[in-house]
Number of protein chains: 2
Amino acid sequence: MVKITDVARHAGVSPSTVSYALSGNRSISQATRQRIEESIKALGYRPHAGARALASSRSNVVALMMPLRSGIHMPVQMQFAASVVTMARTHDHDVLLLTQEEGEDGLRRVAGTALVDGLIVMDVQLDDARTPLLRTLGLPSVLIGFPAEADGLTCIDLDFTATGEACVRHLAQLGHRCVALLGSPPEVYARGTGFARRTAAGFTAAAHRYGMSSTVLPCEPGRAAARETADRLLRELPGLTGVVVHNEPALGPLLEAFQHSGMRIPDDLSVVAVCPDELAENAAVPLSSVAIPAAEVGERAVELLMAKLNDGEVPDATLLPPRLTRRASTAPRDASE
Amino acid sequence: MVKITDVARHAGVSPSTVSYALSGNRSISQATRQRIEESIKALGYRPHAGARALASSRSNVVALMMPLRSGIHMPVQMQFAASVVTMARTHDHDVLLLTQEEGEDGLRRVAGTALVDGLIVMDVQLDDARTPLLRTLGLPSVLIGFPAEADGLTCIDLDFTATGEACVRHLAQLGHRCVALLGSPPEVYARGTGFARRTAAGFTAAAHRYGMSSTVLPCEPGRAAARETADRLLRELPGLTGVVVHNEPALGPLLEAFQHSGMRIPDDLSVVAVCPDELAENAAVPLSSVAIPAAEVGERAVELLMAKLNDGEVPDATLLPPRLTRRASTAPRDASE
DNA sequence: GTGAAAGCGCTAACAG
DNA sequence: CTGTTAGCGCTTTCAC
């Protein structure tokens, strides 16, 4: 194995000079830098990762903890993982893959052994057991998603307030005057300051601004609950022509329920979903939707983490702007109605 | 940070004894082992990964290089990645994630810096630019899939010969007497000793054994080619009641072509596919199929790699037995025909 | 069965 | 702008 002393000898300088040339931590004359680079190339030198980590207390590896078994919507996960790895590489870091199942022990292990310099934790739940640990671990971390208690944690996710607004704007521009948001089950709203609440706030505010009449209705998952919710909605708001669904498990059942009630989509009812593109594309009627921008989330997460690693200040919350993709489920309101 | 000397002092032994207690590389009296374990727990000691890697020239990390963008069949990839990570952990190893795009440079980098002890390389092509490198890298590696020239490389994949046989056996048991294999495009067969050839061999041998009449037909991808192949097949083999398709891109077009020709599946024609479960499940008629056993491939790949890391001897080729899942596309041959 | 001590290859003061 | 030197925390001979 060729080591830094070999390079130093070959270039006629001291090992530290080679080290500095590599790290850029002090200025080197053009001439010696040149010779060093040539020697490195000539000898095929590569710094030993372990030695470097030991001496510098920096491994240049970040951990990515993600759910690897969740049967659902892997394309989003994959896209995310790809962008994390790619972006990490541009910052000269590698990515260690941890499964969600490793949980807190996994985080403690990679942090405690100094295997990694920082953590990216996906799929953070409102009430996530890992968040207290992340606060005390002493390693920089970035969470994908917002826990109920996000103070002191760096979190990133889609901007759900803006998402609610964007959905309403889309419907308003199509001429709809009476709209509803079908959101998460009641307990999610009750539970605290989750994304559910933010979507609803954005939705309601925008509806007011556009002078539309609006309703927000929670919805339990499952066929029966969906049927009931849809019926109630159509009964209580006879003028309803547009709905926004922000409830992935209830989405399919709700669509069925509407169609069962004789509402054709988009002829009688325009539907906007907040869900992965994958799902929206493959629905019976392809759904106009706002998706989680996985690739951008991954990139930004890495950038935030890198900033923290270089003791940069980063915002606690990063909210990414929604992008609404128009598909077949929304249409102009029929003026004759 | 608590280090090995702290543990040693706390336990009243020397650092080397703690090290040996941890590694099990020499016998320790029950009593001191006990004390050491208690001290470790009491102090919350975790060995520094970098220091350990430097001193032992073992990082206890393996690299997994996989395609992270291939829009196609991520569930298989994910399942595979999950099983690799999980199995690696049971061998006290972590997994560094590399994208396919990093290619040879990526492998050279993680090997050259001693970041990893071994490599698992997915999605190996018949003519894969990485294989010559893997031969000379001096790090143990395991390939998923067989390159044309596999000598001296440890490869693992589905047993395609047995797969061809299993498909025929299934059709034979349903009473079919005249079957065809629709395989890869001609150039794949011409190119060498790929899986295509093995499936065909197994298919033909089994058909003979069962006294069935059989044909093997290559098939180009694309609508037009599929139509043509299907037509030709039905024209030349009027008695055909069963086909095996081992050609993922052509699968959809072929099914359409058969149906366009008035063949109902499975009433007139039984179809067995060699493709991911995902694809088989979501076809218009759910397809009886043989899939790549992703989880098992991942587990075995890690086991092979671990064996190589401990200078164990491992077979060059590991072939996993096929499992045929029966779905709606195969039925008993109509006796009245 | 246990200890002492010499590195593993690199970085980062400190010194000029 | 460059060199000297002292570790980083662990493993592993070698010695008892």
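- A sub-4.0 Å separation between OP1 or OP2 of C:dT2 and a side-chain N or O of B:Ser29 is present.
- If you check every strand for non-hydrogen atoms under 4.0 Å, B:Ser23 touches nothing.
- For the pair B:Met1 CE and D:dC8 P, the computed distance is 11 Å after rounding to whole Å.
- Contact between the side-chain N/O atoms of B:Asn25 and the OP1/OP2 oxygens of D:dT12 is found at a separation under 4.0 Å.
- Within the 4.5 Å cutoff, no side-chain heavy atoms of B:Val95 are placed close to those of B:Arg89.
- Under a 3.5 Å cut-off, the side chain of A:His48 and the backbone N or O of A:Gly50 do form a donor-acceptor pair.
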Report, one pair per line, the protein and nucleotides 13-15 of chain D atoms (nitrogen or oxygen only) whose separation is under 3.5 Å.
none

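- For the pair B:Val302 and B:Val62, the minimum side-chain heavy-atom distance is 4.5 Å or more.
- B:Gln30 has its CD atom 16 Å from the C1' atom of C:dT2, to the nearest Å.
- B:Leu134 is listed as a side-chain neighbour of B:Leu107, based on a closest heavy-atom distance under 4.5 Å.
- A:Phe146 approaches A:Ile156 most closely through the heavy-atom pair CE1-C, 3.9 Å.
- Atom CG in B:Asp6 sits about 14 Å away from atom C1' in D:dC8, given to the nearest Å.
- Within the 4.0 Å cut-off from OP1 or OP2 of C:dC10, not a single side-chain nitrogen or oxygen of A:Ser19 is found.
- A side-chain donor-acceptor contact under 3.5 Å links B:Asn60 to the backbone of B:Asp92.
- No donor-acceptor distance shorter than 3.5 angstrom exists from the side chain of A:Asn310 to the backbone of A:Ala307, with no hydrogens or angles considered.
- Residue A:Thr17 places no side-chain N or O under 4.0 Å from the OP1 or OP2 atom of D:dC1.
- Between B:Gln34 atom CD and C:dT2 atom P there is a gap of 13 Å when expressed in whole angstrom units.
- Residues from residues 35-56 of chain B with heavy atoms under 4.0 angstrom of DNA chain C, sorted by number: B:Leu54, B:Ala55.
- Within the structure, salt bridge (charged side-chain N to carboxylate O under 4.0 Å, His left out) contacts touching residues 23-47 of chain B (residues at least two apart or in different chains) do not occur.
- The interatomic distance linking A:Ile4 (CD1) with D:dT2 (C1') rounds to 14 Å, in whole Å.
- Between A:Thr318 and A:Arg300, the shortest heavy-atom distance links the atoms CG2-NH2, 3.6 Å.
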